[in-house]
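The figures that follow rest on heavy atoms only: side chains count, while hydrogens, waters and symmetry mates do not. Below, chains carry the letters A, B, ... as their sequence lines are ordered, and counting in each starts from 1.
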2 protein chains.
Amino acid sequence: MADFTPLFDYIEKKSSVTLSDDERGLIMNKLKPKKLRKRQFFLQEGDVCKYMGFIIKGATRMFSVDERGHEHILHFGMEDWWVGDYESFHLLTPSKYYVEALEDTEMLLITSEQLNDMVRSIRAIAEMLESLGRGAAIANNKRMHAAISLTAEERYEDLAKTYPYFFNRFPQNMIASYLGISPETLSRIRKMALKA
Amino acid sequence: MADFTPLFDYIEKKSSVTLSDDERGLIMNKLKPKKLRKRQFFLQEGDVCKYMGFIIKGATRMFSVDERGHEHILHFGMEDWWVGDYESFHLLTPSKYYVEALEDTEMLLITSEQLNDMVRSIRAIAEMLESLGRGAAIANNKRMHAAISLTAEERYEDLAKTYPYFFNRFPQNMIASYLGISPETLSRIRKMALKA
DNA sequence: CCGGAACCTTGATATTTGTCAAGAAAAGGT
DNA sequence: ACCTTTTCTTGACAAATATCAAGGTTCCGG
């Protein structure tokens with residue numbers, strides 16, 4: 001039996017609405033548990049992202065691979081985050097991304113139709129989505145602003161402040177990829193930062 | 001008397017819901033027309049962004065200024081776009097950005113409370129916001145992906161495909177700022193592109 | 001606990017992009 | 001149409017970052 005507690009807590013926190021027992025039951029019927037082993041893929045390039053996943057435990061990365069074979073990490077995922085290619089999920093277009101488990105991961109999956117059902121029937125879900133959308137818009141703006149206005153070093157420092165726990169959890173070469181710089185450059189930046 | 005037609009059309013298109021005459025009247029009461037002359041500021045750094053503006057006619061840019069005095073354009077705005085600092089608008093925090101008219105501009109302004117009222121009373125508005133949020137999330141992901149994975153030249157080509165009309169409307173140095181590169185680099189990239 | 005894989009660092013060098021400065025071209029106001 | 005301001009281009013040079021290669025760690029599975 002999967003543990004839905006983190007999801008219930010998350011919905012109530014994001015929506016500031018309490019879930020009834022009926023609603024909890026409904027949610028448990030709609031979301032389907034899924035386990036991924038480390039290195040297993042949740043989504044592969046070219047596939048349609050049929051599910052969004054809520055992470056109960058574990059971590060993921062979403063990345064693309066360019067013509068030269070280089071990987072570019074667009075998002076990490078961890079406990080209490082939703083993962084998946086939002087564009088593909090909503091438009092049903094083939095994804096340009098991979099989503100891969102970085103640790104053994106437990107998720108709860110939902111399809112687009114099921115999500116729409118729940119938005120209609122459960123007020124807390126609708127409000128959670130609004131809140132999620134707002135937060136994402138604000139976070140995206142910040143990250144985009146950093147990308148166009150900061151140097152690699154400043155982006156590193158910004159990330160270290162915003163998501164310090166990334167550094168305990170993800171290998172440095174992936175953090176470099178997330179920042180849009182090479183692993184070597186990140187290594188050198190960190191050496192500088194120690195002295196300063 | 002301000003012309004609300006573009007806004008009505010926009011709401012109906014985004015929501016796929018038809019507005020009643022009552023709803024149109026309500027909208028006309030809530031949104032307040034505002035004209036900006038070229039170079040006039042809609043928002044200045046340090047101020048709270050009390051209004052979001054829907055552009056009827058004209059164009060704007062939203063930008064920050066760093067310690068070295070360099071400007072970084074995060075967003076352009078033009079007809080049928082909403083402009084303002086979303087973070088400041090929702091959290092009522094001082095903005096880090098300026099929003100400036102690049103042409104004589106006519107907008108319709110709305111406050112956070114008025115928007116909330118309308119979301120509750122007019123279904124089309126709620127759906128428009130959902131659609132807007134979805135579209136913004138998708139566009140943000142694309143732009144962020146471009147920022148971490150493409151070279152300056154590739155980002156230029158991508159922009160030329162996605163928003164070709166930017167080049168007719170905005171000076172090249174601003175487009176460079178939007179791309180996160182120097183005006184000189186953009187000039188050189190364009191020269192290369194002609195030959196290739 | 002051993003061996004391989006993944007990860008990190010460092011150096012040398014190449015490439016990309018930024019900076020500064022000057023002049024040319026274009027745009028805008030009166 | 002003229003003058004001023006803004007914008008664009010070009011060149012020389014500097015700085016930032018990527019690439020390639022090698023060696024040293026650390027981590028993990030058997």
Provide, to the nearest angstrom, the distance between the [atom1] atom belonging to [X] and the [atom2] atom belonging to [N].
X        : N      : atom1 : atom2 : value
A:Ile189 : D:dA18 : CD1   : C1'   : 12 Å
B:Glu153 : C:dT15 : CD    : C1'   : 13 Å
A:Tyr156 : D:dT17 : OH    : P     : 15 Å
A:Arg39  : C:dC7  : CZ    : C1'   : 11 Å
A:His70  : C:dT15 : NE2   : C1'   : 14 Å
B:Met192 : D:dT9  : CE    : C1'   : 12 Å
A:Leu186 : C:dT10 : CG    : P     : 13 Å
B:Leu102 : C:dA27 : CG    : P     : 16 Å

Legend entry - Check: B:Leu179 main-chain N/O paired with B:Arg155 side-chain donor or acceptor under 3.5 Å: yes
Inset, instruction - Answer yes or no: is there a donor N or O on one side and an acceptor on the other, between the side chain of B:Asp47 and the main chain of B:Leu43, under 3.5 Å? - result: no
Legend entry - Centroid separation B:Phe63 to B:Tyr97 less than 6.0 Å: no
Legend entry - Between A:Phe167 and A:Tyr156, ring centroids under 6.0 Å: yes
Inset, instruction - Name the residue closer to the 5' end of DNA chain C, choosing between B:Lys38 and B:Thr151 according to the nucleotide with the nearest heavy atom. - result: B:Thr151
Inset, instruction - Report the C-alpha separation of A:Arg169 and A:Glu79 in whole Å, then their side-chain angles, then the decisive distance to 0.1 Å, and conclude whether the salt bridge (charged side-chain N to carboxylate O under 4.0 Å, His left out) test is met. - result: CA-CA 12 Å; A:Arg169 197 147 186 190; A:Glu79 289 80 8; 2.8 Å; yes
Legend entry - Within 45° cone of A:Tyr178 ring axis and under 6.0 Å: A:Arg143 NZ or CZ: yes
Legend entry - cation_pi(B:Arg24, B:Phe4) dist<6.0 Å, angle<=45: no
Legend entry - Side-chain N or O of A:Lys191 closer than 4.0 Å to phosphate OP1/OP2 of C:dT9: no
Inset, instruction - Can you pull out how bent the helix from C:dC1-D:dG30 to C:dT30-D:dA1 is, comparing the axes over its first five and last five pairs, to 10°? - result: 70°
Inset, instruction - Would you kindly say whether B:Thr111 and B:Gln114 are connected by a side-chain donor-acceptor distance under 3.5 Å? - result: yes
Inset, instruction - Establish, from distance only, whether the side-chain atoms of B:Asp3 and B:Thr5 form a donor-acceptor pair under 3.5 Å. - result: yes
Inset, instruction - Look at the aromatic rings of A:His72 and A:His70 and report parallel, tilted or perpendicular, splitting at 30° and 60°. - result: tilted
Legend entry - side-chain hydrogen bond (donor to acceptor under 3.5 Å, both in side chains) evaluation trace for B:Glu45 with B:Tyr98: CA-CA 5 Å; B:Glu45 181 178 13; B:Tyr98 298 84; 3.2 Å; yes
Could you list, one pair per line, each protein nitrogen or oxygen that sits under 3.5 Å from a nitrogen or oxygen of nucleotides 12-15 of chain D, together with the distance?
{"from": "D:dA12", "atom 1": "N6", "to": "B:Arg188", "atom 2": "NH2", "distance (Å)": "3.4"}

Legend entry - Interface with DNA chain D, restricted to residues 172-185 of chain A and to heavy atoms under 4.0 Å: A:Gly180, A:Ile181, A:Ser182, A:Glu184, A:Thr185
